[in-house]
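What follows is one structure encoded as structure tokens, with my remarks underneath.
When a ligand or atom number is given, it counts from 1 through the structure's own listing order.
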Amino acid sequence: MTDWQELESRYFFSTYKRLPVTLVRGQGVSVWDDQGKEYLDFLAGIATVSLGHCHPVVVSAITEQASTLIHVSGLVYSVPQVRLAQLLVQNSSLDRVFFANSGAEVVEGAIKLARKWGKEKRDGAYQIICAQGAFHGRTLATLTAGGNEKHKAPYPPLPEGFVHVPFDDVEAIRRATDAKTAAVMLEPVQGEGGVNVPHDDYLRQVRAWCDEAGILLILDEVQTGIGRLGALFGHQLYGVEPDVLTLAKGIGSGVPIGVLLAKEHCAVFSPGDHGSTYGGQPLATHVAYSVLKYIIDNDISGQVASKGRYLEGRLRGLADRHPLVTDVRGRGLLWAIELDAELAEAAQRACLEQGLLVNNVKPTALRLMPPLVVSQEELDRAVEIIDGVLGKLGGERA
Ligand SMILES: Cc1ncc(COP(=O)(O)O)c(C=O)c1O
């Protein structure tokens, strides 16, 4: 049998510390490795396979569009991208859309939009206030906007124009704002930073400050958008509307696409300002249209909210039983289990052995982000595996 992991080590840059598993097939919330072993997938391609693996809606959208028209470029009109743009605008508080292929690309687009807006509408303001612990992608500008110093260390000089303040601290944003500030950029809940949930009032206060100061609020919902937190967009849970919004991951349910949206008043791009060869191609936009329509028509976000409450109860039960769990936090179907020591990698490996894929988002925290269509029975199975793993880790330490 081919040793794919050994072959990989010969050919790849080693940018990923991969789990020792080669996945070859997926169906719903399950995936299978090349030995035929089944796993419950609570990684979901990093919160991306929103409808689960090989959902019939996704499979038929791909098949249908692949045999009709795959790619044309932005130099001509095409129907699927217009239909997706219309569906997004009709179901959000934003007015205008640009499509790209990934999260980082649309955050990069948001940064460019804010800079152009600052140049035209705020006397050359260009600075963006970002949060410590944030993650916005791996391009030079987006990793600079992010809050992870390890990601930045190999790459100076980094682009100028980003200032960082503690997350969940509106006073810090007020203090950091000056004539150079064009925008504040935040995730409603920080995903890669460890599932950091702010106080319920935080985004409302930030919104009020952005209005008072005359600066833009950019919300990066690449991870939290499209039902993940139990609302179509995470910001709806907090009663705010962003000026600029970024989406990716869940809207394609595994097919690469990123979406940049903006309100009319700051939609300042004009021809030649921005572009992407693949962005908005018929294949990706038809799939994203089908996924989004399915999520809206079937109230998947509402189902996520109730599944999230159920999962929260089960995770709090784990915290009660296992002294090594110091916190559980999250919303909808994005949760972290915080441990009192750097045991997350050991816990992740033990879960893998028991047939559950989870992510060690921090050395001390496990993250759960199953497909939005996960069943209660699958949530129970995952919690039982984690229960056993935590019991074993706690027992080994005692
Ligand atoms: C909030 C947020 N923004 C941006 C990105 C970058 O997305 P991508 O990996 O598709 O470039 C991520 C990826 O995890 C993310 O969570």
Side-chain angles (χ1 to χ4, degrees), residues 13 15-18 42-50 98-114 128 130-148 150-152 155 162 164 167-168 183-198 203 217-229 233-235 237-238 242 244-261 276 278-281 284 287-288 291 330-336 358-362 365 367-370 372:
F13 286 113
T15 54
Y16 281 98
K17 197 169 169 192
R18 300 188 207 263
F42 274 49
L43 261 179
I46 321 187
T48 293
V49 189
S50 50
F98 176 86
F99 294 118
N101 316 286
S102 66
E105 276 174 273
V106 285
V107 178
E108 187 87 22
I111 294 166
K112 287 173 71 177
L113 188 72
I128 299 182
C130 304
Q132 290 161 9
F135 184 82
H136 297 295
R138 299 292 201 139
T139 64
L140 271 180
T142 56
L143 73 84
T144 308
N148 187 327
K150 243 177 79 186
H151 292 170
K152 303 178 196 189
Y155 304 116
F162 300 93
H164 289 85
F167 186 56
D168 201 12
V184 174
M185 180 160 74
L186 298 168
E187 298 155 86
V189 168
Q190 290 185 334
E192 298 304 301
V195 191
N196 304 318
V197 183
L203 281 186
L217 176 60
I218 303 169
L219 290 181
D220 178 357
E221 296 229 35
V222 164
Q223 187 153 154
T224 56
I226 315 297
R228 177 61 51 189
L229 298 188
F233 307 111
H235 60 261
L237 296 170
Y238 297 99
V244 180
L245 175 68
T246 56
L247 304 168
K249 290 187 184 279
I251 191 168
S253 195
V255 170
I257 180 166
V259 190
L260 169 65
L261 295 114
S276 162
Y278 291 119
Q281 63 153 228
V287 174
V291 170
R331 283 195 89 150
L333 288 173
L334 181 63
W335 283 86
V358 287
N359 162 248
N360 53 337
V361 68
K362 294 198 320 193
R367 176 174 46 168
L368 313 181
M369 43 191 169
L372 307 182

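Of the possible donor and acceptor atoms, one in the side chain of H164 sits under 3.5 Å from a partner among the backbone N and O of A145.
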Under 3.5 Å donor-acceptor pairs involving side-chain atoms of residues 250-259, not counting sequence neighbours:
{"unit_1": "S253", "atom_1": "OG", "unit_2": "S50", "atom_2": "N", "d": "3.3"}
{"unit_1": "S253", "atom_1": "OG", "unit_2": "L51", "atom_2": "N", "d": "3.0"}

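Partner H136 forms a side chain to side chain donor-acceptor pair (under 3.5 Å) with one of T142, T246, D220 and no other, that one being D220.
Protein residues having a heavy atom under 4.0 Å from any atom of ligand 1 are S102, G103, A104, F135, H136, G137, E187, E192, D220, V222, Q223, K249, listed by chain and number.
Applying the salt bridge (Lys or Arg N to Asp or Glu O under 4.0 Å) criterion to K112, with sequence neighbours excluded, gives no partner residue. Here F135 pairs with R138, H151, E192 under the side-chain contact (heavy atoms from CB on, under 4.5 Å) rule; sequence neighbours left out.
A distance of 7.0 Å separates CG in L217 from CG in L203, rounded to the nearest 0.5 Å.
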